[in-house]
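Take a look at the structure below.
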Amino acid sequence: MKAVQLLAHGAPGKFEFREVPDPTPGAEEVVIRVRACGLNRLDLWAEQGELPVKLELPRTLGCEISGEISQVGCHVLEWRQGDRVAVQSNLFCGQCEFCLRGQESICIKGEILGVHRDGGFAERVVVPSAALVRLPGKVTFESAAALTLAGSTAMHMLTHRAKVSAGDWVLVIGGASGVGSAAIQIAKGLGARVITTASSHDKHEFAKKLGADYVVDANEKWSAEVRKITGKRGVDLVVEHVGGEVLLQAFDCLARGGTIVTCGATAGREVLLKLWPMFVKEQRLIGSYGRNRRDMEATLHWAAEGKICATIDREFSLNETPQALALLRKRKVMGKLIIKP
């Protein structure tokens, strides 16, 4: 089969569009014919060698996969050839104390598809059957690939790690990003008043179309503008996935008793927090990592009901994967980029 493999790290890394052996499923695995695979900033970190785990090269990246089952292992009973599925990218053991509580996102033996093992920038991929989620009939492969990682990450943040009540003020950082575009829609669906940040006019208009009530300029001191919009009160929840100085600015516009939930550190992994105002105002900083199965199922259910829509910037063929990664690196994307083998 054909695949795009990373041969050497860099920005850009060295990729090759090549023939590789067809995957063979283990007893509890399935082979997926990849119909669509979304790009994620995780792919950039893997390309650049900036993840805190070592990649064995060559590696096929790609973690946001949807497709059809083409082959099943001998112990797989619940799935059949031809079933339409999405794949949970955070692979889990199913046996540790966290998995047994339904918290696959913090599995002790967790792995990432497209990092620890070959992913979806290929015509076919082999995955554990436990990582499959059935695709509703109304959800396309492209929509599933755009939502099942970024969308379910946002769902995990807003419904599992934090709570949103009707009327709450929610600030979503980076409304044109994959996580941000999904978070806007989920927060609105839960009845919140949503403010988001955007770095250009086009991204501003994009976020408004998704349902954001207010959009502030990410290039300015947006925390002051957020406080002005909320009558100096501040927001109840910040959905944050950038880190660095952005996280610190989020505290500047957080209400008393408010919460920041964060899932990323693109702009910096270390910050210096001011603890006094944080505990005096009884504010919370919550980490969020990946998603659990119920987050995947909820995201696809929302998509099937039209409550959340995949925001796809453009699609690329498999051999155009390096060009798609270059576009993502330039931060010119609104929503998601999709690879279609």
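The local environment of CZ in R256 is sparse, with at most 12 non-hydrogen atoms from other residues, nucleotides or ligands closer than 6.0 Å. Within a 6.0 Å radius of CD in E245, no more than 12 heavy atoms belonging to other residues, nucleotides or ligands are found. Atom OH of Y289 is surrounded by 12 or fewer heavy atoms from other residues, nucleotides or ligands within 6.0 Å. The neighbour count for E282 CD, taken as heavy atoms of other residues, nucleotides or ligands under 6.0 Å away, does not exceed 12.
Among residues two or more places apart in sequence or in another chain, the salt bridge (charged side-chain N to carboxylate O under 4.0 Å, His left out) test is passed with E16 by R18. With sequence neighbours excluded, no residue forms a side-chain hydrogen bond (donor to acceptor under 3.5 Å, both in side chains) with R161. For D43, the side-chain hydrogen bond (donor to acceptor under 3.5 Å, both in side chains) criterion is met by no residue, not counting sequence neighbours.
For the pair R84 (side chain) and S66 (backbone), a donor-acceptor distance under 3.5 Å is absent. Listed for the R227 side chain is a donor-acceptor partner under 3.5 Å among the backbone atoms of D252. Put simply, the side chain of H75 never gets that close to the backbone of E28: no donor and acceptor are under 3.5 Å apart. Distance alone, capped at 3.5 Å, places no donor-acceptor pair between the R35 side chain and the G67 backbone. No donor-acceptor pair closer than 3.5 Å links the side chain of S152 to the backbone N or O of M155. A distance-only check finds no donor-acceptor pair linking the side chain of S143 to the backbone of V139 [under 3.5 Å]. Put simply, the side chain of E104 gets close to the backbone of R293: a donor and an acceptor are under 3.5 Å apart. Of the possible polar contacts, one joining the T197 side chain to the G174 backbone as a donor-acceptor pair under 3.5 Å is found. Judged purely by atom type and a 3.5 angstrom limit, E240 uses its side chain to pair as donor or acceptor with the backbone of V242. In terms of modelled atom types and a separation under 3.5 Å, the side chain of E50 and the main chain of A46 share no donor-acceptor contact.
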Note to self: Please evaluate residues F251 and L285 with respect to the criterion side-chain contact (heavy atoms from CB on, under 4.5 Å), reporting the C-alpha separation (whole Å), side-chain torsions for both, the decisive distance (0.1 Å), and the verdict.
What the structure shows: CA-CA 9 Å; F251 272 104; L285 175 60; 4.1 Å; yes
Checklist line | Evaluation steps, side-chain hydrogen bond (donor to acceptor under 3.5 Å, both in side chains), between S317 and N319 | finding: CA-CA 6 Å; S317 60; N319 64 328; 2.6 Å; yes
Next item on the list: Walk me through it: do E97 and R101 pass the test salt bridge (charged side-chain N to carboxylate O under 4.0 Å, His left out)?
Entry: CA-CA 6 Å; E97 61 176 298; R101 293 203 298 255; 3.6 Å; yes
Next item on the list: Please test T230 against I195 for side-chain contact (heavy atoms from CB on, under 4.5 Å), starting from the C-alpha separation and ending with a verdict.
Entry: CA-CA 10 Å; T230 60; I195 307 170; 4.0 Å; yes
Next item on the list: In sequence, state the C-alpha distance, the side-chain angles, and the governing distance for D168 and K163, and then conclude on salt bridge (charged side-chain N to carboxylate O under 4.0 Å, His left out).
Entry: CA-CA 10 Å; D168 281 355; K163 182 180 179 181; over 6 Å; no
Next item on the list: List the steps and the verdict of side-chain contact (heavy atoms from CB on, under 4.5 Å) for R59 and Q5.
Entry: CA-CA 5 Å; R59 173 65 74 216; Q5 291 201 309; over 6 Å; no
Note to self: Checking R134 against E68 for the salt bridge (charged side-chain N to carboxylate O under 4.0 Å, His left out) test, could you report, in this order, the C-alpha distance in whole Å, the side-chain angles of both residues, the deciding distance, and whether it holds?
What the structure shows: CA-CA 10 Å; R134 198 171 301 277; E68 299 164 329; over 6 Å; no
Next item on the list: Kindly determine whether E142 and I312 satisfy side-chain contact (heavy atoms from CB on, under 4.5 Å), including the steps that lead there.
Entry: CA-CA 8 Å; E142 294 82 4; I312 298 174; 3.9 Å; yes
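In this structure, I65 is not a member of the same hydrophobic cluster as W45, with clusters built from ILVMFWY side-chain heavy atoms closer than 4.5 Å. Linking Ile, Leu, Val, Met, Phe, Trp and Tyr whenever their side-chain heavy atoms come within less than 4.5 Å puts L147 and L190 in one cluster. One hydrophobic cluster, built from ILVMFWY side chains closer than 4.5 Å, cannot hold both L149 and I112; they sit in different ones. Linking ILVMFWY side-chain heavy atoms closer than 4.5 Å, directly or via other members, places I229 and L254 in a single hydrophobic cluster. Under a hydrophobic-cluster definition in which Ile, Leu, Val, Met, Phe, Trp and Tyr are linked whenever side-chain heavy atoms come within less than 4.5 Å, directly or via other members, L237 and L210 are assigned to the same cluster.
Side-chain atoms of R291 and T153 form a donor-acceptor pair, as typed in the model, at a separation below 3.5 Å. No side-chain N or O of R41 forms a donor-acceptor pair with one of H241 less than 3.5 Å apart. A donor-acceptor contact closer than 3.5 angstrom is absent between the side chains of E297 and H301. A donor and an acceptor atom, one from each side chain of E64 and T148, are nowhere located under 3.5 Å apart.
In this structure, CG on L6 lies 11.5 Å from OG1 on T321, to the nearest 0.5 angstrom. Here the OG1-NZ distance, from T140 to K138, works out to 13.5 Å after rounding to the nearest 0.5 Å. With rounding to the nearest 0.5 Å, the separation of OG1 in T196 from CZ in F206 is 10.0 Å. With values rounded to the nearest 0.5 angstrom, K109 atom NZ is found 10.5 Å from E111 atom CD. Between the SG atom in C253 and the CD atom in Q249 there is a gap of 8.0 Å [rounded to 0.5 Å]. D22 CG to E123 CD: the interatomic distance, rounded to the nearest 0.5 Å, is 8.5 Å.
Of the options L44, L39, N40, a side chain to side chain contact (heavy atoms under 4.5 Å, CB included) to L42 is made by N40 and by none of the others. Each of D83, V76, V85 was scored for a side chain to side chain contact (heavy atoms under 4.5 Å, CB included) with L132, with one residue passing: V85.
Within the 4.5 Å cutoff, no side-chain heavy atoms of D236 are placed close to those of T259. W169 has its side chain out of reach of V194: every pair of non-hydrogen atoms, C-beta onward, lies at least 4.5 Å apart. Using a 4.5 Å cut-off on side-chain heavy atoms (C-beta onward), V125 and R33 make no contact. In this structure, the side chains of L158 and V239 come closer than 4.5 Å at one or more pairs of heavy atoms. When side chains are defined from C-beta on, M334 does not count as touching T311, because their heavy atoms never get closer than 4.5 Å. Between I69 and V31, every side-chain heavy-atom pair lies at or beyond the 4.5 Å cut-off. Looking at heavy atoms from C-beta onward, V34 lies out of side-chain contact with R124 at the 4.5 angstrom threshold. The side-chain heavy atoms of L61 and L55, taken from C-beta on, include a pair separated by under 4.5 Å.
Summarising the geometry of Q283 relative to A255, their closest heavy-atom pair is NE2-O, 3.4 Å, with the distance given to 0.1 Å. Of all heavy-atom pairs between V271 and G244, the closest is CG1-O, 3.3 Å. Closest approach of I186 and W302 over heavy atoms only: CA-CZ3, 3.6 Å.
Using a 4.0 Å cut-off between a side-chain N of Lys or Arg and a carboxylate O of Asp or Glu, K208 and D213 do not qualify as a salt bridge.
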